[in-house]
Amino acid sequence: MSHANAFWSSALAVWWRNFLAWRKFWRSSILLNFGEPLTNLLALGLGLGAYVSSMMQGVSFLQFIAPGLLAVTAMNAVTFDSGFDGYDRLNSNGVYAAMMTSPLTVPEIVAGEYLWEATRSLLYGAVFFIVVLAFGLVHSLWVVLLPIPLALFGVVFAAPALYVAARAKTHEQLFYYFSLVITPMFMFSGVFFPVNHLPWYIADIIYALPLYHGVDLARSLMLGQISLACLWDLLWILGYAAVLSYLPVKALERRLTA
Amino acid sequence: MNEAGAPVIVAKGLVKRYGDLVAVRGIDFEIRKGECFGFLGPNGAGKSSTIRMLSCLSPVSEGELQVLGMPAGVAERRIKERLGIVSQDDNVDPDLTLLENLLVYARFFGMSPREATPRARELLRFMQLEQRQDAAVRELSGGMRRRLVIARALMHAPEVLVLDEPTTGLDPQARLLVWGALQALKRQGTTIVLTSHYMEEAERLADRLLIVDHGEVLERGSPAELVERIVGREAVEIWAENEAQVQRVTQAAGAAVQLSDRHGDALVLYSREPGRIGEELIRHQAAPNRMLVRPTNLEDVFLTLTGRDLRE
């Protein structure tokens, strides 16, 4: 077996482990990852939307926020699993420690986690997509390209969350990442309002964050507003995936091979 | 048979450092094919560090370590493919059933579920867990979890089984079951390396022992040979009424005593010649009221070598 084959075969074995574990709790897992964005969509889209008199960039408020919430659903599905469950796999239940007693290496484990998180992102994104579709909020066939950014989310958001999980000393420390990074990013990344309405110094930060580009791309694909900006968004997401992918490897190696 | 066995693990001047702390201070050993080799020592002696290095779970700080003819730390993957590692904590996967635990682990070794399933069922039977194969791991007792970890480590039919304190925390029944399984594996030719601080375990299972403390080797040899050489064949435990009686008894026993030691409030006299100490005490009319004559064991060796300080 060649090196590359052995690497991906090992990564797939990690994916399979996560899949079997997920299969035991999939109902509650989907419900938990789905309830919040659905509430946001209905309460804000229908409720608040009724008071937002002007159309947002030419579409209704519900229409405006649906693609962003889909991207956020995917981001959260990835972030929560990599952060909390990753922390448990590392600290509480020894799943990673057991993997290390086999021929698996840390880069293979991390690659397996990315494959799995990409799967989660697609899966939870797809469930939300069905709702959005049912509301008649999909207006373009370009939407078939949506799985590309969603799959990349499996690296973009899993890498920092796994890194935080590897560095956190307690479960509580994980919450810093959620409340100081993920939640603000969610609120400001153009899910609920166009970023160009923000002061330039905030907008420029937002433009440099991956979620903004995920939200923007999802919206463009769903509404069929295809332009060079879509390619630009995709490049940003790809760049984040490439730059962040190695981030958790060293931190996990330090924890697993003392 | 052991003499004929080729060396499978060879360490020379092996050192493990964690920052400023030196856990293993340059130890040498050679583990041969087909034998059961034990590292015996109190907590913090460096047993686990040593076994983690030879399992390629922890890098060697200094010295040489060859495992199955390959340098540890360089050929990690190829070494781990041939080792079965049972770590101290029962890190079975709580989100999977027993059978899934074994199948997933086998997959880490490149075994497909199809080839792994019959093997998994056989091992669950071997470890007396077959009735639980579809149970969730969360429902298992400590003994069952440990047996599952051992079954898991055997999935890829390793040449060497490495166990870090295999029966710590188990009840006597579970311990006997594990010992029986390890003895059966040894009969089938598996080389076994284990750490322990249970004398009975070392005495029963190990062909050869390394007694370690503070990261150094104190003694090496077979359990019987160590007992004979270090504490003789007979121990006489005496509960003296006062220090004067201790003096009198020690004097009376005289040359029959190879070694003497205090175990709590008991004075223990060791002798190479069974019966001699008793004879001397009677001859000098110094026999105390409370006295126990018993054969020596590995615990005497261990306590003599490592002292009586509490290790925590």
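Throughout, protein chains are lettered first and strands after them, A, B, ... in sequence-line order, and every chain is numbered starting at 1. Atom set for the values below is all heavy atoms of this structure, side chains included, hydrogens, waters and symmetry mates excluded.
Contact check for B/F108 versus A/T101: no side-chain heavy atoms found under the 4.5 Å cut-off. In this structure, A/K24 and B/D95 have side chains that are not in contact, with every pair of non-hydrogen atoms separated by 4.5 Å or more. Using a 4.5 Å heavy-atom threshold, the side chains of A/M100 and B/L57 count as touching.
Looking at A/T257, both its backbone and its side chain come within 4.5 Å of chain B, counting heavy atoms on both sides. Using a 4.5 Å cut-off between heavy atoms, B/V92 touches chain A through its backbone atoms (N, CA, C, O) alone. Contacts between B/R78 and chain A at a heavy-atom distance below 4.5 Å are absent for every atom of the residue. Of the two parts of B/I79, neither the backbone nor the side chain holds a non-hydrogen atom closer than 4.5 Å to a non-hydrogen atom of chain A. For a residue to count as touching a neighbouring chain, one of its non-hydrogen atoms must lie under 4.5 Å from one of that chain's; by this rule A/Y96 does not touch chain B. Residue contact with chain A, scored on non-hydrogen atoms closer than 4.5 Å, is absent for B/P158. For a residue to count as touching a neighbouring chain, one of its non-hydrogen atoms must lie under 4.5 Å from one of that chain's; by this rule B/R138 touches chain A with the side chain only. Interface residue B/E81: backbone and side-chain heavy atoms are both found under 4.5 Å from chain A.
Contact between B/R107 and A/A13 at its shortest, heavy atoms only, is CG-CB, 3.5 Å.
Among the candidates B/P59, B/S49, B/S55, the residue making the largest number of heavy-atom pairs closer than 4.5 Å to chain A is B/P59.
No more than 12 heavy atoms of other residues, nucleotides or ligands sit less than 6.0 Å from atom CZ of A/F188. Other residues, nucleotides and ligands contribute more than 12 heavy atoms inside 6.0 Å of the OH atom of B/Y18. Remark: A/E36 CD is loosely packed, at most 12 non-hydrogen atoms of other residues, nucleotides or ligands lying under 6.0 Å away. The neighbour count for B/R119 CZ, taken as heavy atoms of other residues, nucleotides or ligands under 6.0 Å away, is above 12. Around atom CD of B/Q131, no more than 12 heavy atoms belonging to other residues, nucleotides or ligands sit under 6.0 Å away.
Within the model, atoms CG of A/L104 and CZ of B/R77 stand 7.0 Å from one another, a figure rounded to the nearest 0.5 Å. Rounded to the nearest 0.5 angstrom, B/L96 CG and A/R17 CZ are separated by 5.5 Å. Taking CZ from B/F109 and OG from A/S9, the interatomic distance works out to 12.5 Å, rounded to the nearest 0.5 Å. Taken from CD in B/E100 to CZ in A/R23, the straight-line distance is 5.5 Å, to the nearest 0.5 Å.
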Verdict with supporting geometry, A/L20 and B/V104, side-chain contact (heavy atoms from CB on, under 4.5 Å): CA-CA 9 Å; A/L20 289 179; B/V104 164; 3.5 Å; yes
